Novice: 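Below is one structure. I have some questions about it.
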Amino acid sequence: MLMMASISLCVTMLSPNSADLYRELISWQEEMPSDQHEELTWLTTCLDAGIPATPEMEARWRAHTKQPIDLARSASAGDSPDFEHDFKENGFQELVPELSPMMRGSKLLLAAARWEASQGAIEPAIEHIKAASRIGEHIATDKLIINAMVAQGVAGHVVQSIHHLLDCSTPTEAQRQALHQSLERYLTQDPFNVAASMRFEAEIATWSITKHLQLDALPADVTPPQDLMEQFFGVDGLGLDAKPPPELTIGSIRKDLQKLQVAYGQLATLAQSPNQAASITAIKALEQAASEGSHGFFATLLLPAISHVIQKRNERVEDIRDCQIRLTSIMSSRGTGNAAWKWIEAGQLAMQANGPWVDDESATTEIQELLAQAGAMQTASYPEPLNEYLMAIVPWWLPGQEALLDGLFVMLDRSTEAGDAATTDPTLQQLTRIAAALADHPNIASSLLSASITMRLVAPVQAYAKHHLTDPGARSAFDRLLRQLPLRDPAGLQS
């Protein structure tokens, strides 16, 4: 017994206290000067978007993030945190200050993972992704709807980071399995504890209303004291500035509270139903009935609009499953990476070349290797435009694509003139895929560049088809290649 107690004590001492570490993360965020906060937000957004960082930007970002990333990783390695919230005493007025810094910590971890993956540091990137995924699980531990929503957001960023890792690298089987398991933690019988949150918030509502309106102390036929009603329903209580009907009595409040608990229970049951399409319809009907007063006065105030939360949860679960499928799938022809990131990397090198990159020996070999890797990849999708203040009319990577395309067209012209089909064919394939990917990108500058490629391809394609596509099978394959361009909007100008 003594030995077992000693071992238990040692384990307790060695395991990090995640709640205390998260509290340190709260202090770090609260003490951060505003100018540092703005700079860190800007730098993190740059990394999230894949915008190339200068050495000075990297140094500043590392200096700002070393402490919070260390804290976030250490906290994520501990058991589920207990922040010792007293919802029974404080009800809906209990604060949850840990949510924002926990979410911030996960975002910094994933930004670091993105940068590391782009630098080829796969193992550190995976460790950061796994840590961020554990933070998402920790957030859902406190069974509140707001926690469930924040945890869904973290999981979404984790999925995006895994896709980025797969776009720019080829993890080993063991690494893919580790990422697969990091997502599996969310796929429980109650993903993100949404149903459990409904049941717990029903308890909070019961505790809060019973305590503040003295339901256990007053007889059923009396009206609650006016000062208690104003205190509970006013801006200092529920924060809704609600006006209860004058006919409310202690007895009617008790009955309304029972109706509220039933409604919460119905929502929780529907949230876990295997038929989610039917559940969403039923939940919306229940919400409508509650808004009309069918579930009592308190339901009109406290019953959350849960259908949106559950719809988002279902979408996130599908995103996670799709990501897991990608991790476990083996492509028969092309690899699982994203060719566009290889083109972007090649474009950055092309911009540094003296003249067309095909004539610069210092750039040609590396760019050709990147193009070969892109040619073996199934997906070709340029990064989405930023929706934040860094959004630009011209995407940051587009000038590099112009430099890359200039070199490709020089190569195409030379191979066409020389009758070199072995070079012409893969060059046409690269140019057509780039044009199609640019057409799919929702930016006018990308669409204009796609249109330019399409116009410049007309003559080389005609010459290639005339002199080299004499076999019906070859013509059919080339036709499939050209059909990658959207037929109704080949340059993507309508997007």
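What you see is a predicted model, and the numbers here were worked out from it, not measured in a lab.
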Novice: So do Met411 and Asp406 actually touch side chain to side chain, heavy atoms under 4.5 Å?
Specialist: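 No; the side chains remain at least 4.5 Å from each other.
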
Novice: Is it the case that the side chains of Gln272 and Gln189 hold a donor-acceptor pair, with the cut-off being a distance below 3.5 Å and no angle test?
Specialist: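 Not at all, the side chains of Gln189 and Gln272 share no donor-acceptor pair under 3.5 Å.
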
Novice: Would you indicate whether the side-chain heavy atoms of Leu165 and Pro171 approach each other to under 4.5 Å?
Specialist: yes

Novice: Given side chain to side chain contact (heavy atoms under 4.5 Å, CB included), test Trp341 with Tyr382 step by step and report yes or no.
Specialist: CA-CA 7 Å; Trp341 282 106; Tyr382 285 102; over 6 Å; no

Novice: Tell me whether Asp167 is salt-bridged to Arg114, with the criterion being a basic N under 4.0 Å from an acidic carboxylate O.
Specialist: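 Here Asp167 does not pair with Arg114 in a salt bridge, since their nearest N and O are not under 4.0 Å apart.
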
Novice: Would a 4.5 Å heavy-atom cut-off, applied to side chains only, mark Pro395 and Ser446 as touching?
Specialist: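 SC-SC contact between Pro395 and Ser446 confirmed.
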
Novice: In the structure I gave you, are the side-chain heavy atoms of Leu40 and Met32 within less than 4.5 Å of one another anywhere?
Specialist: yes

Novice: Is the number of heavy atoms from other residues, nucleotides or ligands under 6.0 Å of Glu318 CD greater than 12?
Specialist: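 Count over threshold, so yes.
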
Novice: Mind checking whether Gln348 and Trp343 have side chains closer than 4.5 Å, heavy atoms only?
Specialist: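 The answer is no, as the side chains (C-beta and beyond) never meet within the 4.5 Å cut-off.
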
Novice: Set out, in order, the CA-CA distance, both residues' side-chain angles and the distance that settles side chain to side chain contact (heavy atoms under 4.5 Å, CB included) for Ser106 and His157, then state yes or no.
Specialist: CA-CA 9 Å; Ser106 69; His157 288 131; 5.9 Å; no

Novice: State whether the number of non-hydrogen atoms from other residues, nucleotides or ligands found under 6.0 Å of Glu123 atom CD is greater than 12.
Specialist: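 Counting neighbours around CD of Glu123, more than 12 heavy atoms of other residues, nucleotides or ligands fall under 6.0 Å, so yes.
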
Novice: If every non-hydrogen atom of Ser307 is compared with every non-hydrogen atom of Glu287, which pair is closest and at what distance?
Specialist: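 Scanning both residues completely, I find the closest heavy atoms to be N-OE2, 2.8 Å.
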
Novice: Hey, does the side chain of Asn147 reach the backbone of Ile139 with a donor-acceptor pair shorter than 3.5 angstrom?
Specialist: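 Yes, the answer is positive, given that a donor and an acceptor are paired below the 3.5 Å cut-off.
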
Novice: Looking at Thr427, Val358, Asp413, Ile367, which hits side-chain contact (heavy atoms from CB on, under 4.5 Å) with Leu408?
Specialist: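 Of the listed options, the one satisfying the test is Thr427.
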
Novice: Run the ring-centre check on Trp397 versus His441 and record whether the distance is less than 6.0 Å.
Specialist: yes

Novice: Taking Ala271's backbone N and O only, do any of them form a donor-acceptor pair with Arg313's side chain (distance below 3.5 Å, no angle check)?
Specialist: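 Yes: the side chain of Arg313 pairs with the backbone of Ala271.
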
Novice: Under the ring-ring contact (aromatic ring centres under 6.0 Å, His included) test, which residues partner Trp357, sequence neighbours left out?
Specialist: none

Novice: Would you say the side-chain atoms of Glu201 pair up with the backbone N or O of Ile145, donor to acceptor, closer than 3.5 Å?
Specialist: yes

Novice: Do you know which two heavy atoms are closest between Ala140 and Phe192, and how far apart they sit?
Specialist: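 The answer is CB-O, 4.0 Å.
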
